[in-house]
Amino acid sequence: MIESHKPRRISVHQALGGGSGFLLGCKTTVADALLWRKWGASVLVLISATSLWFLFERAGYNILSFAANVLLLLVVILFLWAKSASLLNRPLPPIPDMEISEESVEKAADIIRARVNHVLSIVREIAVGGNLRVLFQVAVVLWIISYIGGFCNFLTLVYFCILLSFSVPVLYDKYQDQLDAKLSMLHRMIQVQYRKVDQSVLRKIPSSVNKAKKTQ
């Protein structure tokens, strides 16, 4: 008998960074928070995001004014805390050394450089190479972004992405086998439709300006 082997399950926790990438100000990793393994951190992030969205989107607060007022209040509190601590022999505010390591800067710069070079390569492929397939793919993505932007502003879109990030990973981790089957079927359907468009439209148009130059 031939044994049917199920596809190996993907570790969502490892895909989200595993034990690396800690949330600001706590020992909880981003993966633990997104998968609701640390309920306190997950609830805190969602409450904070919901509060900020309500203040800026519904209550009409200005982001710049709100940030300046919060920073002003924080600086005044820390200043008064430090002064009272020196007078009453109390411990100073528990603030760590605030500095960005050179390694963090280099890592962030490498990530940004790779992303920018990827975007520039796509632009060059369209502008210089005349690749109609890439143009079609970019046009579809930009149209989807524009279509979504017609229903909500940037702040609401960011808040919606935060809600998705705290719901999609945990649901996928729980129902991975069922979702993989559905996503595989959807992927095959998209590939079939793309091949039809590719064969009927895209391949009939010259994909490169250089070909036109060679024929001249």
Side-chain angles (χ1 to χ4, degrees), residues 1-21 23 28-39 41-43 45-46 49-50 53 57 111-112 114-127 129-208 211:
M1 296 179 61
I2 299 176
E3 297 181 356
S4 60
H5 296 280
K6 292 183 178 181
R8 186 172 61 89
R9 287 179 61 88
I10 300 174
S11 175
V12 181
H13 187 266
Q14 292 297 327
L16 294 174
S20 61
L23 290 176
T28 304
T29 63
V30 175
D32 289 336
L34 294 179
L35 294 175
W36 292 83
R37 297 185 179 181
K38 299 292 183 179
W39 281 81
S42 303
V43 172
V45 172
L46 284 180
T50 303
W53 176 81
E57 184 66 20
I111 295 175
I112 294 174
R115 298 295 175 83
V116 171
N117 287 337
H118 179 65
V119 173
L120 292 178
S121 66
I122 294 176
V123 174
R124 178 179 177 81
E125 188 72 16
I126 296 174
N131 194 322
L132 189 62
R133 297 182 185 180
V134 178
L135 175 62
F136 177 75
Q137 294 171 355
V138 172
V140 170
V141 172
L142 293 178
W143 178 82
I144 293 175
I145 295 175
S146 176
Y147 184 78
I148 296 176
F151 293 96
C152 60
N153 56 24
F154 180 74
L155 184 61
T156 302
L157 182 61
V158 171
Y159 176 63
F160 182 69
C161 291
I162 293 175
L163 294 181
L164 287 179
S165 64
F166 277 89
S167 57
V168 173
V170 66
L171 291 176
Y172 181 76
D173 187 49
K174 187 176 182 180
Y175 304 103
Q176 185 175 148
D177 296 333
Q178 298 90 325
L179 289 174
D180 281 344
K182 300 295 183 182
L183 291 175
S184 178
M185 185 184 303
L186 178 62
H187 182 257
R188 287 195 297 268
M189 292 174 58
I190 294 176
Q191 282 187 327
V192 170
Q193 297 300 323
Y194 179 78
R195 289 195 190 100
K196 291 181 179 180
V197 176
D198 187 25
Q199 293 176 358
S200 61
V201 179
L202 299 182
R203 292 190 179 182
K204 294 181 179 180
I205 302 176
S207 60
S208 177
K211 292 183 179 180

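Computed from heavy atoms alone, side chains included, the values below leave out hydrogens, waters and symmetry copies. Positions are given from 1, in the same order as the sequence printed here.
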Would you call the rings of Tyr147 and Trp143 parallel, tilted or perpendicular, taking 30° and 60° as the class edges? parallel

To the nearest 0.5 Å, tell me how far Gln137 CD sits from Ile126 CD1. 9.0 Å

Ser42 and Ala33 have their tightest heavy-atom pair at OG-O, 2.5 Å

Under the side chain to side chain contact (heavy atoms under 4.5 Å, CB included) test, which residues partner Leu179, sequence neighbours left out? Tyr172, Tyr175

CG (Leu171) and CG (Leu35) are apart, to the nearest 0.5 Å, by 10.5 Å

How many angstroms lie between atom OG1 of Thr50 and atom CG of Leu163, to the nearest 0.5 angstrom? 6.0 Å

Ser167 side, atom OG; Leu34 side, atom CG - distance, nearest 0.5 Å: 10.0 Å

May I ask you to decide if the ring planes of Trp36 and Phe166 are parallel, tilted or perpendicular, using 30° and 60° as cut-offs? perpendicular

CG/Leu183 to CZ/Arg188 distance, rounded to the nearest 0.5 angstrom? 11.0 Å

Ile112: partners by side chain to side chain contact (heavy atoms under 4.5 Å, CB included), with sequence neighbours left out: Val116

In Å and rounded to the nearest 0.5 Å, what is the CG to NZ distance from Asp180 to Lys182? 12.5 Å

Apply side chain to side chain contact (heavy atoms under 4.5 Å, CB included) to Val141 and list each qualifying residue two or more places apart in sequence or on a separate chain. Ile145

